[in-house]
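Each chain gets a letter, A, B and so on, in the order its sequence line appears, and its residues count up from 1. Note that this is a predicted model, so its numbers are computed, not measured.
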2 protein chains.
Amino acid sequence: MLLHLNPSSGVPVYLQLESQVKQAVAAGALRTGDTLPSTRKLAAELRINPNTVARAYQDLERDGVTLSVPGGGTFVADGLPGLLKSEKVKRLRPHARQLAVEGRQLRLTREEIVKMLEEELDKLGGQP
Amino acid sequence: MLLHLNPSSGVPVYLQLESQVKQAVAAGALRTGDTLPSTRKLAAELRINPNTVARAYQDLERDGVTLSVPGGGTFVADGLPGLLKSEKVKRLRPHARQLAVEGRQLRLTREEIVKMLEEELDKLGGQP
DNA sequence: CCAACTGTACTAGTGTATTAGTACACTATG
DNA sequence: CATAGTGTACTAATACACTAGTACAGTTGG
């Protein structure tokens with residue numbers, strides 16, 4: 001796997017890790033059951049503290065993206081199968097509103113905003 | 001104007017103010033040239049420090065949403081007319097990616113994600 | 001069973017975010 | 001010109017975020 005950090009971005013390291021893993025999963029580069037590097041190994045590669053990686057893995061598990069088992073490792077979970085659709089919608093709506101508000105703020109047209117979202121969905125590829 | 005805070009949400013007060021003003025502007029409830037309450041007046045209403053309101057107004061001005069003039073007041077600016085479209089797209093794309101990744105993470109279909117965005121755009125109303 | 005690996009829990013230090021207090025400078029209004 | 005109202009700049013107190021150090025508990029594989 002390819003994970004790289006931007007120390008000068010101001011974004012916390014564990015958040016950078018989380019978003020990169022999420023993107024990899026969303027794009028299909030990581031599939032259900034795939035194993036992620038151990039906390040210590042990844043920490044050694046990136047020259048950071050193992051606990052920082054652990055923090056990212058804990059958050060990912062809380063979000064249902066991965067599953068961590070002591071002694072075993074950290075794996076990609078199967079995508080929130082038990083979650084009701086209404087709950088999914090509830091989680092996603094704030095992000096949709098954010099995009100809508102910011103887009104309108106920039107005086108972009110409805111079509112331009114929607115098109116940009118479709119482009120990003122296409123970039124992710126995977127299973128449409 | 002109707003502004004209300006949620007002290008127990010964990011979201012910083014100045015960010016709550018910013019997002020509510022942005023939504024009001026995006027929805028057309030606030031139009032170019034409209035005046036916002038003064039820092040002291042709004043702070044008194046909400047029982048917070050005037051500097052917290054000032055912080056929100058400064059950020060809004062930095063984002064091109066409002067224009068603050070010392071001694072004058074704070075007004076809604078006209079929507080970033082000098083901004084190149086390429087720059088607008090550059091600003092908005094991270095939000096689009098965020099929505100795309102989170103939506104895919106939840107195993108929602110492309111259509112469902114796009115539809116949710118369109119609903120939020122409709123909610124804002126104003127000038128389609 | 002043992003050794004080497006895994007994630008976890010606890011503690012601690014450093015920095016920054018958040019809010020507030022206070023004083024300043026500018027503008028409008030009479 | 002004077003007063004009241006405006007945004008701004010500076011300082012400071014507090015809390016929390018972030019990262020790291022270290023020790024613990026579980027699992028795997030020989």
Please report, rounded to the nearest Å, how far the C1' atom of C/dA17 is from the CG atom of A/L15.
15 Å
Length of the CZ-P vector between A/R62 and C/dT8, whole Å:
13 Å
A/K22 with B/E102: basic N within carboxylate O range, under 4.0 Å
yes
side-chain contact (heavy atoms from CB on, under 4.5 Å) partner of B/L60, the single match among B/V76, B/L67, B/T66
B/T66
Can you measure from CD (B/Q58) to CD (B/E18) and round to the nearest 0.5 angstrom?
10.0 Å
Between CD of B/E18 and P of C/dT19 the distance, given in whole Å, is 10 Å
Would you call B/E119-A/R93 a salt bridge at under 4.0 Å N-O?
yes
Partners of B/S86 by side-chain hydrogen bond (donor to acceptor under 3.5 Å, both in side chains), sequence neighbours excluded?
none
Nucleotide C/dA17, atom C1' - distance to CG of B/D59 in whole Å
12 Å
Can you confirm whether B/D63 sits close enough to A/Q105 that some side-chain heavy atom of one is under 4.5 Å from a side-chain heavy atom of the other?
no
Do A/K115 and A/E118 meet the salt-bridge criterion of a basic N to acidic O distance under 4.0 Å?
no
Roughly, in whole Å, what's the span from NZ in A/K41 to P in C/dT6?
8 Å
Net bend of the helix from C/dC1-D/dG30 to C/dG30-D/dC1, end axes of five pairs each, nearest 10 degrees:
30°
Take atom CD of B/Q16 and atom P of C/dT19, then tell me their distance rounded to the nearest Å.
9 Å
Could you state the interatomic distance from CG (A/L15) to OG1 (A/T52), rounded to the nearest 0.5 Å?
11.0 Å
Please determine, for the side chain of B/N49, which listed nucleotide (C/dG21, D/dT19, D/dA20) has the closest atom?
C/dG21
Can you measure A/L67 atom CG to C/dT6 atom C1' for me and round it to whole angstrom units?
14 Å
A/K88 bridged to B/E112 by N-O distance under 4.0 Å:
no
Could you pull out the protein-nucleic contacts involving nucleotides 7-17 of chain D (nitrogen or oxygen on both sides, under 3.5 Å)?
{"residue": "D/dG7", "atom": "OP1", "partner": "B/T74", "partner atom": "OG1", "Å": "3.1"}
{"residue": "D/dG7", "atom": "OP2", "partner": "B/T39", "partner atom": "N", "Å": "2.7"}
{"residue": "D/dG7", "atom": "OP2", "partner": "B/T39", "partner atom": "OG1", "Å": "2.8"}
{"residue": "D/dG7", "atom": "N7", "partner": "B/R40", "partner atom": "NH1", "Å": "3.0"}
{"residue": "D/dG7", "atom": "O6", "partner": "B/R40", "partner atom": "NH2", "Å": "2.7"}
{"residue": "D/dA9", "atom": "N6", "partner": "B/N51", "partner atom": "OD1", "Å": "3.3"}
{"residue": "D/dA9", "atom": "N6", "partner": "B/N51", "partner atom": "ND2", "Å": "3.1"}

